[in-house]
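The block underneath contains the structure these notes are about, expressed in structure tokens.
Order of the sequence lines fixes the chain letters, A, B, ..., with proteins taken first and strands second; residue numbering starts at 1 for each chain.
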Protein chains: 4
Amino acid sequence: MPTDPTRTRAAEAATTATRILDVAEQLFAERGYAAVSVRDIAGRVGLNQASLYNHFPGKQALYEAVLERGLAPIREILAHGGAQMLTPEGGDRLLERLVDQLWSTPHIPKLVEREMLDDGTWFESLAREWLTPIYEVGRRAMAATSEPSGWTEEELPLVVVGMYHLLFGFFSAAALLRRVIGVDPQAQEMRRIHLDFVKDASRRLMRPGAAT
Amino acid sequence: MPTDPTRTRAAEAATTATRILDVAEQLFAERGYAAVSVRDIAGRVGLNQASLYNHFPGKQALYEAVLERGLAPIREILAHGGAQMLTPEGGDRLLERLVDQLWSTPHIPKLVEREMLDDGTWFESLAREWLTPIYEVGRRAMAATSEPSGWTEEELPLVVVGMYHLLFGFFSAAALLRRVIGVDPQAQEMRRIHLDFVKDASRRLMRPGAAT
Amino acid sequence: MPTDPTRTRAAEAATTATRILDVAEQLFAERGYAAVSVRDIAGRVGLNQASLYNHFPGKQALYEAVLERGLAPIREILAHGGAQMLTPEGGDRLLERLVDQLWSTPHIPKLVEREMLDDGTWFESLAREWLTPIYEVGRRAMAATSEPSGWTEEELPLVVVGMYHLLFGFFSAAALLRRVIGVDPQAQEMRRIHLDFVKDASRRLMRPGAAT
Amino acid sequence: MPTDPTRTRAAEAATTATRILDVAEQLFAERGYAAVSVRDIAGRVGLNQASLYNHFPGKQALYEAVLERGLAPIREILAHGGAQMLTPEGGDRLLERLVDQLWSTPHIPKLVEREMLDDGTWFESLAREWLTPIYEVGRRAMAATSEPSGWTEEELPLVVVGMYHLLFGFFSAAALLRRVIGVDPQAQEMRRIHLDFVKDASRRLMRPGAAT
DNA sequence: GATGAATGAGGATTCATTCAT
DNA sequence: AATGAATGAATCCTCATTCAT
């Protein structure tokens, strides 16, 4: 399990385990856990089905390894940068780092969205661990700013969910954007547009709107 | 297929087919297509597995019937109400109707989100049929208002996706809200909070923000 | 069960039971017992699956009714005409009647061939009942004629099987004749050709050949 | 697919695939495709049902492999020996080789007969490929001999079908011979009797009979 | 006599996993 | 580390049959 943050994923040697993780990440993101067979994964890696078990003890473990590898950097960013949200400039820097990270592993936000929909017990612990603190920081952030956000206490959870979707939802909706609206969501210029949009939208959501 | 708009879903006779649709809707939304077995559905309806095939020709057809039944009312609302977006009051009325509808069938937004993630060919036609027109209306709406929205042309698709997630994402994140933040997302008072939030957030997203 | 020999099959009222028998006869002949479903039969008759059980107690019983109806006339002919084989002219008359009968129900020879291949216990009694006597008559016929047939005792069974195939095999090979050789085996003129061929070939088989 | 002609089937290593083919050949011949379940085959081989799919991609593919293995030698004989039919001695040699081959795989003629009855599309290509040329050779053979056969042009197809049944029909009728007439069709002496009969009968059919 | 609905048994096939090589 | 082969459990679906209406 790669936990060394100094080694970027691209620089990792393309070990068999890594190649398995890459393929599994993509397939799990595209189709969901149940719709991906071990045969599919092994086949795409160019491996026999049985060989996969030399690297991971099973399908479930492989899935968790994928999730762990993908979520670790995000957790890192949030753990160290949560306090930045208190100022607009800090918020922007945080968003920049997050958007950067998500764009470097675009399957991960889809996986997270699926986890959320599946309401897996695995997700529960995950969420408790790093979403609750974030939520608290965000809550305090909005309460502490001189300009009030204009949201009531009971609306705050929805604001958090909304912010999450502004960030992650872009990747979930990649197919929609491509097919219906004709945008190419993988184009690198989209990265900048996405970042600008997220920054702007978050300001609109977090500061009082003109129309309230 | 219920097309009579005067008959609400709850008032429908609980025919076997309807009960199958209800159970299937819930399971497909909770676990996704591949993770739901025909046995599961039949079992929950209290039916032999084979009996299900007296009502639907197969799993795929059942899934599509679920989607069709769930999406028809939404399509209806959008088809007749798209033009309302041009004024703030009309937009509010549209949102009211949409939130109402989504709350009456809360599994459906999860199904839509899953469809989007799965990038199914079925979704493609669906999206083309009623998402493209909506997008066009929305685009024109934002261009036509006297106060400009403050978004660039290339950001508009992201605004649409954002709006979608503000509306639908609440249901996808129901588990997160319940488990992490402690909110009960099925409580009826949440319906009002959700509506207020969506109205407010949409104004913030669609009108120029102070911070741009 | 139609046992009245004065009523030809065509003249029978197209009762539901008769229509079922007709469809079943065709399908069983074309595909074999196991490959035909009760649904198939009922469907082609324009009947609900369950309705079929108002006319026949089950699939097996229906099959036996088909066989019985189809074989009764043949059995009749053989029972009354076996002795005719003793003279060439009598043999011809017997063949005429047999070919006539087979052409009036061309699915039946295919059914018989399938029965033979399946080696069904049903076939056993059937064969014992009317094939053994025929065989004995044929044996005596060949032994009694002034001109010896030229066959040894041990070859006689093969001669019988050969005669059977000259008569019945035409219908089994209908597809082959149509597709490979380009003959239309349902054309009525084929009936005469078939009869001539059978008569001629039987003479060749039953009388001493020049080359022995 | 065994293509090495020097290795006889019996000498092949009894690999799992070969054992599956053997069992499948027998069951398909005895009962027909639809009446044989994959479980039956696997069970007789002493294999789990799923293991069979490690050797053949499916039931249909297994069936075709059986047919291919069984028909290849026959095709070979006909392809190389068709011209021999032009002389009586050559014809005898051809028949000897064919009878030899059929007796070495006695299930195959039953399979061919079933294919013919089923009128399968698979059979069509098969027939076109090697039955049409044979038919043409046979036609020319009978037209070329100094002594005319005594058949009319339109009867020729029936002669071909008749010859086919004289050869193959013995195996289809094995049950009939055993049960009704009391002959043991698997006894090796029957092989010689069958060959003699086929040779003699073919002369009778191909040369002018006294009674025409 | 006809039918919609129900069902237990069985159909072919795929699943994740194990193990000897 | 890789693989061919094996397997029990599960997959979706079809089967012949029954029964209340």
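Comparing F:dA5, F:dC13, F:dT7 by their nearest atom to the side chain of A:A50 picks out F:dA5. Of the candidates F:dC13, E:dA2, E:dA12, the closest approach to any side-chain atom of C:L47 belongs to E:dA2. Listed candidates were E:dT13, E:dT17, F:dT3. Nearest to the side chain of D:Y53 is E:dT13.
Side-chain atoms of C:N54 and base atoms of E:dA2 include a donor and an acceptor less than 3.5 Å apart.
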Please report, to 0.1 Å, the donor-acceptor pairs under 3.5 Å made by any side chain of residues 42-49 of chain A, with sequence neighbours excluded.
from  : atom 1 : to    : atom 2 : distance (Å)
A:N48 : OD1    : A:A50 : N      : 2.7

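Taking only side-chain nitrogens and oxygens, B:H55 never comes nearer than 4.0 Å to OP1 or OP2 of E:dG4. Within the 4.0 Å cut-off from OP1 or OP2 of F:dA1, not a single side-chain nitrogen or oxygen of A:S51 is found. Taking only side-chain nitrogens and oxygens, C:T16 comes nearer than 4.0 Å to OP1 or OP2 of E:dA2.
Near DNA chain E, defined here as any heavy-atom distance below 4.0 Å, there are no residues from residues 34-45 of chain C.
E:dA5 atom C1' lies 12 Å from atom CZ of B:R19, rounded to whole Å. Here F:dG8 presents its P atom at 11 Å from CD of D:Q49, a figure rounded to the nearest Å. Rounding to whole angstrom units, CZ of residue B:R31 and C1' of F:dT11 are separated by 15 Å. E:dG8 atom C1' lies 16 Å from atom CG of B:L52, rounded to whole Å. Atom C1' of nucleotide F:dT14 and atom CZ of B:F56 are separated by 19 Å, given to the nearest angstrom. For the pair B:Q60 CD and F:dT11 C1', the interatomic distance rounds to 15 Å; values are reported in whole Å. Per the geometry, CG belonging to B:N48 stands 11 Å off C1' belonging to E:dA5, to the nearest Å.
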* Structure fact -> Note, DNA chain F 5' to 3' with Watson-Crick or G-U pairs under 3.5 Å encoded as ( ), [ ], | and . gives .||||||||||||||||||||
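Residue A:A65 comes nearest to A:L21 through the heavy atom pair CB-CD2, 3.8 Å, listed as atom of the first residue, atom of the second, then distance. Heavy-atom minimum distance, C:T105 versus C:P109: O-CD, 3.3 Å. The minimum heavy-atom distance between B:K110 and A:L117, with the atom names listed, is NZ-O, 3.4 Å.
Every residue meeting the salt bridge (Lys or Arg N to Asp or Glu O under 4.0 Å) condition with D:R31, not counting sequence neighbours, appears here in chain and number order: D:D40. Residues forming a ring-ring contact (aromatic ring centres under 6.0 Å, His included) with A:Y53 (at least two apart in sequence, or on another chain): none. C:A34 pairs by the side-chain contact (heavy atoms from CB on, under 4.5 Å) definition with D:A34, D:A35, not counting sequence neighbours.
The 5' end of DNA chain E is approached more closely, in terms of each residue's nearest nucleotide, by B:G46 than by the other of A:K59 and B:G46.
Electrostatic pairing of C:D119 and C:R114 does not count as a salt bridge here, judged by no charged N lying under 4.0 Å from a carboxylate O.
No side-chain donor-acceptor contact under 3.5 Å links B:Y63 and B:E25.
The aromatic rings of C:F28 and C:Y33 sit parallel to each other, their planes meeting at less than 30°, with 60° as the upper class boundary.
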